[in-house]
Amino acid sequence: MENKNMESNSLILVAEDEEYNYLYLDELLNKLGLKHIQAKDGQAAIDICRENENVTLVLMDIKMPVIDGYTAAQKIKEFSPKIPIIAQSAYALEHEREKFRDVFDDYLAKPINKEIFLMTLRKFINIQNGY
Ligand SMILES: [Mg+2]
């Protein structure tokens, strides 16, 4: 049994406070035909996940206002333990990655390489076409 979500019924939450970074991911997700919404801070990310049972994956920036991405991910996992949450961070140090492993399902280092981005999404969502 395939239990990954099909791309057509996937909704990706992009938690990202910097517009330039969001627009880059927006462009990649549009090319892949993946529906997505933005949260501009950690609290908004928590609220959106709580209110939308159809959010199938979260891309979580770490440095965000109100509540940081690490804390937001912990809170989301409390009420939605199965939702995949991928950290996206400029922190590339191994000890930072290690710290992220207990709460995040995967990790993307900024600047995000678009092929690595697609490979990482494919671990969680069925995506038929590339860019
Ligand atoms: Mg940020």
Side-chain angles (χ1 to χ4, degrees):
M1 276 295 277
E2 183 56 77
N3 91 45
K4 280 195 258 183
N5 280 289
M6 294 301 291
E7 57 189 319
S8 55
N9 50 35
S10 291
L11 177 63
I12 296 175
L13 171 62
V14 184
E16 173 59 68
D17 61 312
E18 285 174 47
E19 203 57 19
Y20 178 84
N21 292 342
Y22 173 74
L23 290 173
Y24 175 65
L25 294 179
D26 176 59
E27 188 188 339
L28 297 186
L29 291 167
N30 282 338
K31 282 183 184 163
L32 296 170
L34 294 168
K35 279 181 284 180
H36 53 283
I37 48 175
Q38 182 185 15
K40 293 187 176 183
D41 64 62
Q43 184 62 55
I46 295 167
D47 294 343
I48 288 168
C49 284
R50 215 192 287 274
E51 288 156 21
N52 294 275
E53 285 172 6
N54 54 342
V55 172
T56 42
L57 181 137
V58 182
L59 293 166
M60 185 74 84
D61 179 32
I62 300 300
K63 277 181 89 174
M64 280 194 298
V66 191
I67 293 181
D68 68 87
Y70 184 80
T71 307
Q74 285 179 316
K75 301 222 183 256
I76 291 165
K77 288 283 187 175
E78 281 172 19
F79 59 81
S80 208
K82 286 184 180 161
I83 191 166
I85 307 181
I86 301 172
Q88 36 150 347
S89 173
Y91 300 121
L93 299 172
E94 194 52 38
H95 74 270
E96 287 291 346
R97 282 176 180 252
E98 206 51 58
K99 178 187 163 198
F100 292 155
R101 264 183 205 121
D102 61 345
V103 58
F104 291 103
D105 298 271
D106 219 315
Y107 179 96
L108 288 165
K110 289 179 178 175
I112 293 171
N113 171 284
K114 68 177 198 171
E115 298 306 332
I116 292 172
F117 181 70
L118 178 54
M119 252 171 44
T120 304
L121 287 184
R122 280 194 165 129
K123 294 181 190 174
F124 305 99
I125 298 170
N126 267 312
I127 300 171
Q128 306 299 325
N129 302 314
Y131 297 111

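Numbering of ligands and ligand atoms starts at 1, following listing order.
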Visitor: Specify which N/O/S atom of Asp17 comes nearest to the Mg ion (ligand 1), by atom name.
Guide: OD1

Visitor: Would one find more than 12 heavy atoms of other residues, nucleotides or ligands at under 6.0 Å from atom NZ of Lys77?
Guide: yes

Visitor: Is there an N/O/S atom in Ile62 that lies less than 2.8 Å from the Mg ion (ligand 1)?
Guide: no

Visitor: Just give me the atom name: the N, O or S atom of Asp61 closest to the Mg ion (ligand 1).
Guide: OD2

Visitor: For the backbone of Ile116 and the side chain of Asn113, can you confirm whether one donor and one acceptor N or O come within less than 3.5 Å of each other?
Guide: yes

Visitor: Under 4.0 Å between a Lys/Arg side-chain N and an Asp/Glu carboxylate O for Lys110 and Glu16?
Guide: yes

Visitor: Should we count CD of Glu115 as having more than 12 external heavy atoms under 6.0 Å?
Guide: yes

